[in-house]
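Ligands are counted one by one from 1 in listed order, and the atoms in each one are counted from 1 as well.
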Amino acid sequence: MSIAAATNKFMLEELLTNCRKNLSKPRLDLIEKAFDFASIAHENDTRASNEPYITHPFAVANILATEIPFDDVSVVCGLLHDVVEDNAEYTSDSIKKHFGEDISIIVDGLTKIKNLFKGADINQGENYRKLLMSISKDVRVIIVKFADRLHNMRTIEYLNPDKRKRVAKETLELYAPLAHRFGLGKLKWELEDLAFKELNKQAYEDIKKKINSKRQEREKYIQKFSEPLIQKLNEQNYKFEISGRPKHLYSIYKKMIKRHKPFEEIYDLFAFRIIIDTDDSSQCYHTLGFINQIYLPVPDRFKDYVAIPKSNNYQSIHTTVVGPDGILVEVQIRTRKMHEIAEQGVAAHWKYKEGKVAPERTIDGYVGWIRELLENTGGEDLRKSIIDNFKLNLYSDEIYIFTPKGELRRLPQKATPIDFAFEIHSKVGFHCLGAKVNQRIVPIDTVLQSGDQVEILTSKNQKPNKSWLKFVVTQKAKSEIKKFLNREEEIFVIQGKELFEKKIKKLKLVFNSDEVNKLANNAKYDNSRQLYKEIAQGKVNLDELLTVQTEKDDKKVFDVNLEFETFQNYARTTGGSLVVDGESSQMLYSYSKCCNPIPGDPVVGFVTVGEGVKIHRKNCKNLISILEKEPEKIQTIQWPKIESSSFIVALTIRGSDSPGILHEITNTIVTYKNTNIKSVNIDSKHSGFAGFISLYVTDLEHLQRIIDRLKKLKGVSHVARLESVIN
Ligand code: MN
């Protein structure tokens, strides 16, 4: 037998022994098969430490057989967890073929998680979502992943510095909080301390040194504190275990930071723990009584998590008493089962699954929690915020709130009546108007205190608004409010868009999405969505908005007045003499400023003294009053005929730009009765065009025909004869 083979045999024996000891009815042949399968798959690989690769899956499987003992399937998956990723020849299908569907699904989930975080920014909410999704298929995915991460953290010194930092950060930000949520207290502490050591080695070593330097002193104190208590409990024939341990380093560090205090001033550096070997939780209360007989309890520092477990199922009595020498000491009292649940969480529940457990404390309860988190998470914003909510809801201390009927609800600290309302039902949340806290009416943003009794006041007319997001703290309330606001906004956007499109269609305007955005920006809105929303809510005068816009556009391209003047001068000077009573006349004349007639308009002359004849349009308002007063001064005149009986006229034209549109316009004009074009001045503006065309027509009917034909062109939204703009 080769050394490698002998080593493998030794590892396998150790693993099987541990499984026999800690798991219920493990299928040892299945574990052996997985071990052999993994050994062959990793045959030629080594770890960063230069050890054969199989030592890693073995260690992971061994953690699953000893520290987080769950079941044989988890151990098998621990052995197989790196097989698919590291070896292209081993596929998900081959796992399924050899080990069945359940195991292949878990291994698949583990492979996906690995790929998810490979070199990726761990702050990506989407990755978290996917991670949770793979856990929700089978909770054992995360159990195995925890074991994998624990072993990787224990052997992190072999990795390069960059990778070490990344893995440690990810451990602290993601895996430790998740471990906490799954009730794996011991795992959480170890992960935190290992990551802490990587990320802030100096602080870690400093605290560690200080704790060690006081070890003797502390052990003496523990003895002094315990002695009378041990005596008392022995008198009662209790079977128990008592220990006084320093808290883990990272929690001490966090306390120093939070309280702005040096190590020396942190008094609760260690906690006493009394574990009673009994299924009778009343012994915990009796023990509390004995402690209080010996040491004075500190009021307000008592917590009963036995009667009211934390949402991760943690149970214990916490009390702080004044110990010998006036030192404050925290004591935790729990039964053996409570202890196992506190240390191994979800894994311990598996073990106790046969017993009577509240629904929320079963495996299904954990998986259900993940599903709920996922269901309440959708859309880009929400995905981005998932990590924040995640950490908040995983770590923050809980408060306990009672319904008017006395039912208990757990909420994170700083929760408000709105959070509580959403906890009861999203409909209650949506219509929450206020609340009665301990029978007194309070505003909806009141911060609730543990023990408050809360009655929610609702109104059909109430609905969530943006300001709620500033004070709610639960993931559920946040995502429900955001979902509601998004829905509401979407409806407004759709309505507003419809109104807008109807309007521009009526005005024959054409806008592409860029132009709508530009229009929105000009009107001081962030984007078209916001504009639509405001339109739907009746906050925008569409006529005004569109008029201002088109006028602005025209101005940008050309000066209308200037264009008109140029045209007018040209029109008036090209024709030669005016025609009076059918004959060319040399008389003095000028154009009246009130109606600004241009050649082609039906006109009459008004004979003045000194200024010759003033030419008015026939429909000029001023002319009507003149006609009444001095009808004799009116003279019939005609425009001079030029270019084979034609008048010159000008058109303004607008529309959306498209290839060949200019050609189409000119073509439409010239193909009608050989109409002559004098000039074309058309400019493109963003994706529309606007301009002037001057052309020769025989009469107004001729002009009207051309206008009608141009209006029918696709992309042309506006055609009109250019008349006076001075009036
Ligand atoms: Mn691994």
Evaluate the ring planes of [X] and [Y], with Trp represented by its six-membered ring, and classify them as parallel (under 30°), tilted (30 to 60°) or perpendicular (over 60°).
X    : Y    : value
F37  : H98  : tilted
H151 : H56  : parallel
H318 : Y314 : perpendicular

**OP:** With the Mn ion (ligand 1) at the centre, find the angle made by NE2 from H81 and OD1 from D148, to 10°.
**Re:** 90°
Subject >> Under 2.8 Å: N/O/S of H151 next to the Mn ion (ligand 1) >> reply: no
Original post:
What's the atom name of the N, O or S in D82 nearest to the Mn ion (ligand 1)?
Top reply: OD2
**OP:** Establish, yes or no, whether the cationic atom of K476 lies under 6.0 Å from the six-membered ring centre of F422 and within 45° of the ring axis.
**Re:** no
